[in-house]
Number of protein chains: 2
Amino acid sequence: MNDLFEPVEVHPAYRQVANAIERKIVERELRAGDALPSETDLARQFGVNRSTVREAIRELETHGLLGRQRGEKRLRVTLPRPEQVSSGVSRAMALHDVTFLDLWETMMALEPAAAELAAQRRSDQDLAALGAAGEKFSAAQADTPACVAAVVEFFAAVAVASGNPVLAMSQAPLNELLVPILSHMVDAVPQSRARIRTAQSAMIAAIRKRRREEARSWMEKHIRDFKRGYEIAGIPLQFSVRL
Amino acid sequence: MNDLFEPVEVHPAYRQVANAIERKIVERELRAGDALPSETDLARQFGVNRSTVREAIRELETHGLLGRQRGEKRLRVTLPRPEQVSSGVSRAMALHDVTFLDLWETMMALEPAAAELAAQRRSDQDLAALGAAGEKFSAAQADTPACVAAVVEFFAAVAVASGNPVLAMSQAPLNELLVPILSHMVDAVPQSRARIRTAQSAMIAAIRKRRREEARSWMEKHIRDFKRGYEIAGIPLQFSVRL
DNA sequence: ATAATCCGACCGTCCGACAATTATGCCCAA
DNA sequence: TTGGGCATAATTGTCGGACGGTCGGATTAT
């Protein structure tokens with residue numbers, strides 16, 4: 001039997017205020033860089049208390065829609081910083097107990113595509129960034145954290161070089177999840193360092209020469225190696241990723 | 001010349017409180033379902049005012065780390081809802097003025113992979129969900145919003161059937177960006193409806209029969225069609241997606 | 001035991017206040 | 001006229017207290 005009434009939805013004032021401001025931002029009525037009215041003024045406009053406005057502002061600040069430059073007092077509308085967004089996503093993924101296999105499969109879908117696009121569209125600057133990441137990896141031989149950071153930086157550089165911000169923002173959260181895994185792996189599988197360096201060099205070369213298929217296939221091989229390393233390290237693929 | 005000092009970082013109390021609670025959640029010391037202490041109690045523990053605690057709580061609530069069931073008063077730890085996370089991502093992407101081409105390239109990377117995994121791992125329940133989405137699309141002939149909703153539901157169902165939450169959470173934001181685009185397209189390109197239906201049927205069949213390559217290639221064709229439709233509709237690929 | 005009732009705890013919101021810091025406008029000097 | 005410096009106003013972060021309304025749990029009545 002169908003109920004006669006729907007459950008009534010309650011919208012606290014702080015949420016309504018947040019939504020109102022968010023709408024103005026999404027609809028570009030407030031644009032990045034614009035200063036937000038003062039809390040007191042907003043409270044007056046919305047007809048609520050300043051405390052309520054503050055709670056709303058915290059929400060938007062968390063979403064990265066509001067922020068301020070260092071040392072500034074007044075809040076301004078800002079574009080959400082990609083790192084901020086992706087760290088939220090990776091935290092959510094980690095809490096959902098995703099496994100290495102989940103992560104790997106998704107990387108396997110995204111990274112080769114990014115590599116191919118990078119080979120197609122990279123600028124000289126992108127190439128320099130890739131080279132720098134490769135250098136860092138080579139330089140950080142024994143230093144595991146630095147090694148891992150360099151690998152992540154390399155992936156990020158490929159994503160940037162792809163010229164596709166959607167791809168980059170989709171890929172970024174995976175990098176953060178990769179860190180703890182990779183740290184463990186490069187320690188447990190000594191030969192992985194050399195294989196990673198080889199793959200990175202090959203990818204850089206392919207991207208420099210704008211050879212799309214070559215870049216893609218090297219990236220595939222590179223990522224397949226991760227799984228292999230994981231297996232060699234003796235860790236079940238179903239182990240949950242932790243941040 | 002390097003500066004001698006780093007800029008001093010200021011951490012307002014509300015942020016420190018939020019971080020402290022977040023850490024306990026990420027480290028599983030507080031687990032999903034656990035009730036949070038009352039605001040008054042938290043204020044006492046942290047030695048700050050209740051208003052400050054509330055601002056911190058808003059932050060965590062926004063991240064989806066805290067929430068409450070309908071009609072509940074006590075706040076409890078919750079797993080971030082995927083829809084909540086992905087809507088934040090898609091909003092960020094939209095604000096960054098990503099183009100249809102960006103979106104399309106990423107779909108082209110993710111969706112075929114999802115289809116392939118779905119063919120490999122789908123449960124009977126997944127299959128039912130796919131069929132339901134297909135039905136909805138067929139039934140919603142002239143109703144554009146319903147059509148678009150059905151297409152999105154289909155993609156989401158494929159992602160779920162893939163059994164890979166990372167893939168699903170990576171793909172979900174794209175769906176939201178797709179809606180406005182697709183609405184425009186199915187109106188401007190009448191034949192798109194039939195093509196979509198054909199592709200969906202083929203994918204369902206392939207996934208039912210667990211034919212991975214078939215599922216993948218039909219998905220590729222399906223998504224390629226989007227681009228074709230976009231071109232037929234006469235819209236430049238570089239047009240920014242808007243939410 | 002179950003249902004109706006009651007009371008205390010807690011949340012949402014408001015008011016007012018104060019210190020610290022930033023923004024602003026004014027005045028003076030070059 | 002313009003630039004710098006200073007006094008003042010404005011704004012944020014935090015605090016204390018308050019109040020109505022709602023939820024949860026204990027109490028009591030059936």
Side-chain angles (χ1 to χ4, degrees), chain A residues 3 5-22 24-25 30-78 84, chain B residues 5-22 24-25 30 32-78 84:
Chain A
D3 288 345
F5 296 104
E6 310 272 319
V8 44
E9 303 216 0
V10 57
H11 296 284
Y14 62 80
R15 181 158 302 286
Q16 295 185 49
V17 170
N19 286 341
I21 300 177
E22 179 191 327
K24 291 254 190 279
I25 295 176
L30 285 172
R31 276 178 295 182
D34 292 356
L36 206 65
S38 75
E39 294 173 356
T40 313
D41 196 22
L42 285 172
R44 183 189 55 76
Q45 293 186 40
F46 285 110
V48 300
N49 191 272
R50 187 161 80 98
S51 308
T52 305
V53 169
R54 291 194 115 245
E55 294 187 29
I57 286 179
R58 286 297 88 72
E59 185 165 330
L60 299 172
E61 205 179 11
T62 305
H63 277 317
L65 267 41
L66 298 179
R68 62 187 121 221
Q69 321 257 9
R70 233 185 40 74
E72 259 191 353
K73 169 158 289 198
R74 303 194 58 176
L75 278 170
R76 345 182 54 96
V77 178
T78 53
Q84 193 178 354
Chain B
F5 296 104
E6 312 270 316
V8 44
E9 303 218 359
V10 56
H11 294 286
Y14 61 81
R15 181 160 303 284
Q16 294 185 50
V17 170
N19 286 341
I21 300 177
E22 179 192 327
K24 291 252 189 281
I25 296 177
L30 286 171
D34 292 356
L36 208 64
S38 76
E39 294 173 354
T40 314
D41 197 23
L42 285 172
R44 181 189 56 74
Q45 293 186 42
F46 285 110
V48 299
N49 192 270
R50 186 160 79 98
S51 308
T52 305
V53 169
R54 292 196 112 246
E55 294 186 30
I57 287 179
R58 287 296 86 75
E59 189 161 316
L60 299 173
E61 202 178 50
T62 308
H63 277 317
L65 267 40
L66 299 179
R68 62 189 120 219
Q69 322 256 6
R70 223 194 51 74
E72 259 192 354
K73 167 158 293 198
R74 306 179 65 180
L75 217 42
R76 36 187 63 238
V77 179
T78 54
Q84 193 179 352

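This one's a predicted model, so the numbers in the text were calculated from it and none came from an experiment. Reckoned from all heavy atoms, side chains included, excluding hydrogens, waters and symmetry mates. Chain A is the first sequence line, chain B the second, and so forth, proteins listed ahead of strands; every chain is numbered from 1.
Distance CZ (A:Arg70) to P (C:dT21): 14 Å, rounded to an integer number of Å. Straight-line distance from the CD atom of A:Glu72 to the P atom of D:dT12: 12 Å, rounded to whole Å. Straight-line distance from the OH atom of B:Tyr14 to the P atom of D:dT14: 7 Å, rounded to whole Å. Taking atom CG on B:Leu42 and atom P on C:dA9, their separation rounds to 17 Å, with Å as the unit. Residue B:Leu75 contributes atom CG, which lies 16 Å from atom C1' of D:dG24 at whole-angstrom precision. Here D:dG13 presents its C1' atom at 14 Å from CD of A:Glu55, a figure rounded to the nearest Å. For B:Gln69 and D:dG24, the CD to P distance is 11 Å, given to the nearest whole Å. Atom CD of A:Glu61 is separated from atom C1' of D:dT12 by 11 Å (rounded to the nearest Å).
Judged by distance alone, the side chain of B:Arg50 and the main-chain N or O of B:Thr40 form no donor-acceptor pair under 3.5 Å.
Shortest non-hydrogen contact noted between B:Gly33 and B:Arg76 is O-NH1, 2.5 Å.
OP1 or OP2 of C:dT13 has not a single side-chain nitrogen or oxygen of A:Asn49 nearer than 4.0 Å. The side chain of A:Arg68 contributes no N or O atom lying less than 4.0 Å from OP1 or OP2 of D:dT11. For A:Arg54 and D:dG13, the shortest distance from a side-chain N or O to OP1 or OP2 is below 4.0 Å. Taking only side-chain nitrogens and oxygens, B:Ser51 never comes nearer than 4.0 Å to OP1 or OP2 of D:dG13.
One finds a salt bridge joining B:Asp41 and B:Arg44 here, because a Lys/Arg side-chain nitrogen approaches an Asp/Glu carboxylate oxygen to under 4.0 Å. Salt-bridge annotation for B:Arg58 and B:Glu61: present, with a side-chain N of the basic residue lying under 4.0 Å from a carboxylate O of the acidic one. Between B:Arg15 and B:Glu59 there is a salt bridge, with a side-chain nitrogen of the basic residue lying less than 4.0 Å from a carboxylate oxygen of the acidic one.
In this structure, of C:dG12, C:dC10, D:dG13, it is D:dG13 that holds the atom nearest to the side chain of B:Pro12. Distances were taken from every side-chain heavy atom of B:Ser38 (C-beta onward) to each of C:dC10, C:dC14, D:dT14; the shortest belongs to C:dC10. Picking from D:dG13, C:dG12, C:dA9 the nucleotide with the shortest atom distance to the side chain of B:Arg50 gives C:dG12.
Between the side chain of B:Lys73 and the base of C:dC10 there is at least one donor-acceptor pair of N/O atoms closer than 3.5 Å.
A:Arg15 comes within contact range of no nucleotide atom at all, as no heavy-atom separation falls under 4.0 Å.
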